[in-house]
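Report on one structure; see the data block that follows.
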Amino acid sequence: MTTAGDIMHRGAQWIPAHQTLDRAAQLMRELNVGALPISDENERLCGILTDRDIVVGCVAMGHDPARVTAGEMAQGTPRWIDANADVSEVLGEMQGHQIRRLPVIENKRLVGMISEADLAAHLTDEQLAHWAESVYARTATR
């Protein structure tokens with residue numbers, strides 16, 4: 001059985017909800033990632049922040065990223081998967097919620113992230129095609 005822990009990218013880091021978006025952008029650059037999980041004061045997942053969120057939701061709106069926090073950008077119910085979950089559960093979670101990045105949690109701690117690149121590296125062509133069709137086809141009709 002292939003698990004979330006088998007296909008995830010290790011070394012993911014939180015951005016605390018109180019941190020500003022300029023710091024989040026710096027951390028994204030340092031880690032070479034396009035998304036960061038947002039943690040509350042108890043290191044619990046409270047959202048995901050993407051580079052697009054910073055640009056479209058802050059900068060393009062005329063806001064100062066040095067004054068807007070990651071927590072202010074957190075929207076909706078954050079999704080995550082347990083490190084021991086089967087890859088079929090990973091795909092189901094990502095397809096069902098039309099998400100392209102999924103934090104992986106083990107013992108209530110962030111241990112990794114699963115992105116499109118991770119799926120491409122670990123799935124069969126058929127699994128990847130089905131995932132892409134499910135996620136992108138619905139998004140295109142919005």
Side-chain angles (χ1 to χ4, degrees), residues 2-125 127-142:
T2 302
T3 66
D6 295 330
I7 67 170
M8 72 182 180
H9 175 83
R10 295 196 174 273
Q13 291 185 25
W14 299 110
I15 184 81
H18 64 81
Q19 284 288 342
T20 58
L21 297 185
D22 61 340
R23 177 62 191 126
Q26 293 164 0
L27 186 56
M28 286 180 187
R29 181 188 65 221
E30 291 167 16
L31 299 173
N32 194 30
V33 298
L36 295 169
I38 304 169
S39 69
D40 65 15
E41 63 277 352
N42 297 315
E43 290 195 356
R44 297 268 175 133
L45 182 66
C46 65
I48 300 276
L49 178 68
T50 67
D51 46 9
R52 186 176 193 282
D53 293 332
I54 295 170
V55 172
V56 175
C58 179
V59 176
M61 300 296 289
H63 302 294
D64 180 357
R67 295 182 181 265
V68 178
T69 67
E72 291 174 271
M73 298 299 290
Q75 298 177 5
T77 303
R79 309 306 307 179
W80 58 273
I81 197 88
D82 187 87
N84 294 316
D86 184 78
V87 72
S88 64
E89 294 175 67
V90 171
L91 294 174
E93 185 72 15
M94 294 176 85
Q95 290 167 326
H97 297 282
Q98 297 178 305
I99 54 177
R100 293 166 184 83
R101 298 171 180 101
L102 188 62
V104 181
I105 306 292
E106 186 173 58
N107 298 322
K108 299 184 181 180
R109 295 283 181 219
L110 177 70
V111 293
M113 287 281 280
I114 297 174
S115 68
E116 293 169 298
D118 298 314
L119 295 179
H122 293 93
L123 299 181
T124 66
D125 289 345
Q127 288 174 308
L128 190 59
H130 183 260
W131 176 85
E133 181 181 340
S134 298
V135 172
Y136 287 107
R138 288 190 213 148
T139 305
T141 61
R142 283 186 172 176

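What you see below is based on every heavy atom in this structure, not just the backbone, and it leaves out hydrogens, waters and symmetry mates.
- Here the NE2-CD distance, from His130 to Gln127, works out to 10.5 Å after rounding to the nearest 0.5 Å.
- To the nearest 0.5 Å, atom CD1 of residue Ile7 and atom OG of residue Ser115 are 9.0 Å apart.
- The two residues Leu49 and Ala24 make their nearest non-hydrogen contact at CD2-CB, 3.4 Å.
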**OP:** Could you give me the CA-CA distance, side-chain angles and deciding distance for Leu27 and Gln19, then say whether side-chain contact (heavy atoms from CB on, under 4.5 Å) is met?
**Re:** CA-CA 11 Å; Leu27 186 56; Gln19 284 288 342; over 6 Å; no

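- Contact check for Asp6 versus His122: no side-chain heavy atoms found under the 4.5 Å cut-off.
- The nearest pair of heavy atoms linking Leu91 to Leu119 is CD2-CD2, 4.1 Å.
- To the nearest 0.5 Å, atoms CZ (Arg79) and CD1 (Ile48) are separated by 11.5 Å.
- Judged by distance alone, with hydrogens and angles left aside, the side-chain atoms of Asp86 form a donor-acceptor pair with the main-chain N or O of Ser88 at under 3.5 Å.
- The two residues Met94 and Leu102 have their closest heavy-atom pair at CG-CD2, 3.9 Å.
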Atom pairs and distances, side-chain donor-acceptor, residues 32-40, under 3.5 Å, sequence neighbours left out:
unit_1	atom_1	unit_2	atom_2	d
Asp40	OD1	Asn42	N	2.8
Asp40	OD1	Glu43	N	3.2
Asp40	OD1	Arg44	N	2.9

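- For the atom pair CZ of Arg23 and NE2 of His18, the computed distance is 11.0 Å after rounding to the nearest 0.5 Å.
- With a 6.0 Å radius and a threshold of 12 heavy atoms from other residues, nucleotides or ligands, His63 has its NE2 atom above the threshold.
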Original post:
Could you go step by step and tell me if His97 and Glu93 meet the side-chain contact (heavy atoms from CB on, under 4.5 Å) rule?
Top reply: CA-CA 6 Å; His97 297 282; Glu93 185 72 15; 3.4 Å; yes

Original post:
So Val104 and Val90, side-chain contact (heavy atoms from CB on, under 4.5 Å) or not? Walk me through it.
Top reply: CA-CA 10 Å; Val104 181; Val90 171; over 6 Å; no

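- Nearest heavy atom pair, residue Leu31 against residue Gln13, reads CD2-NE2, 3.6 Å.
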**OP:** Begin from the C-alpha positions of Met8 and Asp118 and carry the test side-chain contact (heavy atoms from CB on, under 4.5 Å) through to its verdict.
**Re:** CA-CA 6 Å; Met8 72 182 180; Asp118 298 314; 5.6 Å; no

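- Of all heavy-atom pairs between Ala66 and Thr20, the closest is O-CG2, 3.3 Å.
- Nearest heavy-atom pair across Pro78 and Cys46 is CG-C, 3.8 Å.
- With respect to Ile105, the side chain to side chain contact (heavy atoms under 4.5 Å, CB included) criterion is satisfied by exactly one of Leu110, Val111, Asp82: Leu110.
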